[in-house]
Amino acid sequence: KCYYSNPSSRSGHRGGLRLPPRPWQLPVVGSLHHLLGDLPHRSLRRLSRRYGCPHLMLLRFGELPVVVVSSGEAAREVMRTHDAAFATRPQTATVRILTKQGQAIALTPHGDHWRWLRKLCAVELLSAARVRSFRPVREEEAARLVGAVAASGGGSGNNKLVNLSEMMAAYVADTAVHAIMGRRLDDRDGFLRYVDEAIRVASGVTLADLFPSSWIAGALSWRQAHRAEVYRQGLFQFLDAVITEHMERKSQDVLLRIQSQGSSQFLTMGTIKAVVFDLFSAGTETAATTLQWAMAELMRNPDVMSRAQAEVRGAFMSRSKVLEEGLSNLTYLHWVIKETLRLHTPGPLLIPRECRETCKVLGYDVPKGAMVLVNAWAISRDPQSWEEPEQFKPERFQSDTRDFRGNDFEFTPFGAGRRICPGMSFGLANVELALANLLFYFDWSLPDGILPNQVDMTEAMGITARRKKDLWLRAKMCLNLPH
Ligand code: HEM
């Protein structure tokens, strides 16, 4: 225990700063050993509880200071009170390689380029009017999802197991691409492989990031850098083909229209590709993950499934199909989605931020340059803020008016402040329509021999909280498909 700092020195004053408390550290690696063996958001919650750091905790990954935010109170300070000071993103070596040819939005530092693209999202790409205009695309893709489930085992009389995870991921990818580019991709599976790889590559931290002062670490990082470079080149070739074909068809796509008018210095061809991929990837993984957990929770909680299904069928039975304009009346389904986002926050640590200037948070100094991780997953399961936090109970929202739109800091699956997700309405519209359709047309059951409380809820290793195993279910069609 020779490296254990005694409790009184754990929130030390150093260089005139009152730093947040920290668990014991090892020389060189700092706090990294604390994260071994479990998912990052789970390890960080365990650490903050064990070492009595309920709000803020200071870690060190190699030489890099990392501040972890674990309470709604501290999240409010970071994403509202001092939002401007925390509105930039760390530029790791991998991020620099990935954004060499064009900066998009999610990983881009705070500044004019990012501000301009956010405005473009708010006004053009993801505005409420634009999201409404995608309705025919969503309805077409939701009908295809229902058709695909019926064809692969859910048709009447047929009751085969279907890989619902795979089908929902395909639906979400097709909807995002179809809406943004005007049609589906021929090579959707190739695209999904790039998204998968993007999340793995972008979340990688190299030795050079951990030990910026060491040339040896820099030299040893070449292999990771090379892998990121090869990935970037492959991705841009793929996007070249997609965008060239798109331009040849002269689609009136917003990004290309603005670029052809030369109305901004920021919108180079490299930026267009990067933004298109940012929107595809940010919109695909998160919404697919939400749908997969929602269906898994419904299977684990048959009473919730019955109530949600009764609501959807009651609302649409007379019209024999699900219509988007009726979705806003489905209060219970909306609670189911909220509860899914609370328990299974798709980005459990949001996207890392960086402190731009030393800043006082709840009496502690967060040093300039520190990476800041908001553990939104732990905060939305915090027993100080939520009753029975580990239980899936959509009814809690009957009396609890907290929402995920960035004003309730105990519940921020879309982040908050300047960096809040600009695709929230688009993502939710995709999730709601698909879920309503799946519950309307089919009765669902588990594979033989599996009881509701045995549904596997293991999360996969990584920075997103996706399911480790695909969800295989039996679908029995209850209503005829509309012609
Ligand atoms: C259920 C669906 C979704 C969830 C849970 C989600 C969640 C998030 C989160 C947690 C962040 C980081 C916020 C922060 O750092 O404070 C984010 C950022 C972002 N999201 Fe989403 N997202 C979803 C859907 C979408 C969709 C459909 C799109 C676009 C098509 C999108 C585009 C983006 C972009 C561009 C950013 C970066 C914003 C910036 O850095 O300024 N997201 N999202």
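Remember, it's 1-based here, ligands and their atoms both numbered in the order they're listed. Bear in mind the structure is a predicted one, so any value in this text is a computation, not a measurement. Quick note: numbers below take in every heavy atom, side chains included, and nothing from hydrogens, waters or symmetry partners. Starting from 1, each residue takes its place in the sequence as its number.
Near I351, the atoms of ligand 1 lying under 4.0 angstrom from a non-hydrogen atom of the residue are 12 (C), 15 (O), 18 (C). Counting the atoms of ligand 1 from 1 in the order shown, those under 4.0 Å from a heavy atom of L279 are 29 (C), 30 (C). Close contacts between ligand 1 and R353 involve ligand atoms 14 (C), 15 (O), 16 (O) [criterion: under 4.0 Å to a heavy atom]. Below 4.0 Å from some heavy atom of F426 lie the following atoms of ligand 1, by number and element: 27 (C), 30 (C). Using a 4.0 Å cut-off to heavy atoms of L350, the atoms of ligand 1 that qualify are 10 (C). Applying the 4.0 Å criterion to heavy atoms of G427 picks out, from ligand 1, the atoms 27 (C). The contact set between ligand 1 and R89, taken as ligand atoms under 4.0 Å from a residue heavy atom, comprises 14 (C), 15 (O), 39 (C), 40 (O). If you number the atoms of ligand 1 from 1 as listed, the ones under 4.0 Å from a heavy atom of R118 come out as 38 (C), 39 (C), 41 (O).
Of the candidates A176, A104, P422, it is P422 that places a heavy atom closest to atom 33 (C) of ligand 1. With A282, A179, G406, A287 as candidates, the residue nearest to atom 32 (C) of ligand 1 on a non-hydrogen basis is A282. Across the listed options G283, P413, P352, P413 owns the non-hydrogen atom lying nearest to atom 10 (C) of ligand 1.
Ion pairing between a basic and an acidic side chain is recognised when a charged N comes within 4.0 Å of a carboxylate O; E124 and R130 show such pairing. Between D83 and R353, at least one side-chain nitrogen of the basic residue sits less than 4.0 Å from a carboxylate oxygen of the acidic one, meeting the salt-bridge criterion. Here R396 does not pair with E387 in a salt bridge; the nearest charged N to carboxylate O distance is not below 4.0 Å. Between E311 and R307, no side-chain nitrogen of the basic residue sits less than 4.0 Å from a carboxylate oxygen of the acidic one, so the salt-bridge criterion is not met. Salt bridge status for E297 with R300: present, with a side-chain N to carboxylate O gap under 4.0 Å. A salt bridge between R188 and E141 is absent, with no side-chain N of the basic residue lying under 4.0 Å from a carboxylate O of the acidic one.
Only the side chain of T290 comes within 4.0 Å of ligand 1, counting heavy atoms alone; its backbone N, CA, C and O stay farther away. With a 4.0 Å cut-off on non-hydrogen atoms, M424 does not touch ligand 1 at all. Under 4.0 angstrom from ligand 1, the non-hydrogen atoms of W114 all belong to its side chain. If you look at R418 next to ligand 1, there are no close heavy atoms at all, none under 4.0 Å. Within the 4.0 Å heavy-atom criterion, both parts of A106, backbone and side chain, lie near ligand 1. Contacts of A376 with ligand 1, taken as heavy-atom pairs under 4.0 Å, are absent altogether.
The local environment of NZ in K360 is crowded, with over 12 non-hydrogen atoms from other residues, nucleotides or ligands closer than 6.0 Å.
In this structure, A416 counts as a contact residue of ligand 1, since one of its heavy atoms falls inside 4.0 Å of the ligand. For G347, the heavy-atom gap to ligand 1 stays at 4.0 angstrom or more. Close to ligand 1: I105, with a non-hydrogen atom less than 4.0 angstrom away.
To the nearest 0.5 Å, atoms CZ (R144) and NE2 (H178) are separated by 7.5 Å. Rounding to the nearest 0.5 angstrom, the gap separating the CG atom in L279 from the CD1 atom in I105 is 5.0 Å. The line from CZ of R419 to CZ of R89 is 4.5 Å long, rounded to the nearest 0.5 Å.
W293 and H344 have parallel rings, their planes meeting at less than 30° on a 0 to 90° scale where 60° marks the start of perpendicular. Relative ring orientation between Y194 and F238 is described as tilted, the plane-to-plane angle lying within the 30° to 60° band.
In terms of protein heavy atoms, atom 28 (C) of ligand 1 is closest to G423 CA, 3.6 Å. Among all protein heavy atoms, the one lying closest to atom 24 (C) of ligand 1 is T286 OG1, 3.4 Å. Given atom 20 (N) of ligand 1, the protein heavy atom at minimum distance is C421 SG, 3.2 Å. Atom 4 (C) of ligand 1 has its closest protein heavy atom at F414 CE2, 3.3 Å. Looking only at heavy atoms of the protein, atom 13 (C) of ligand 1 is closest to R419 O, 3.2 Å.
The minimum heavy-atom distance between A179 and F426, with the atom names listed, is CB-CZ, 3.8 Å. Shortest non-hydrogen contact noted between L192 and A173 is CD2-CB, 3.8 Å.
Relative to the ring axis of W114, R418 does not place its NZ or CZ within 45° and under 6.0 Å from the centre.
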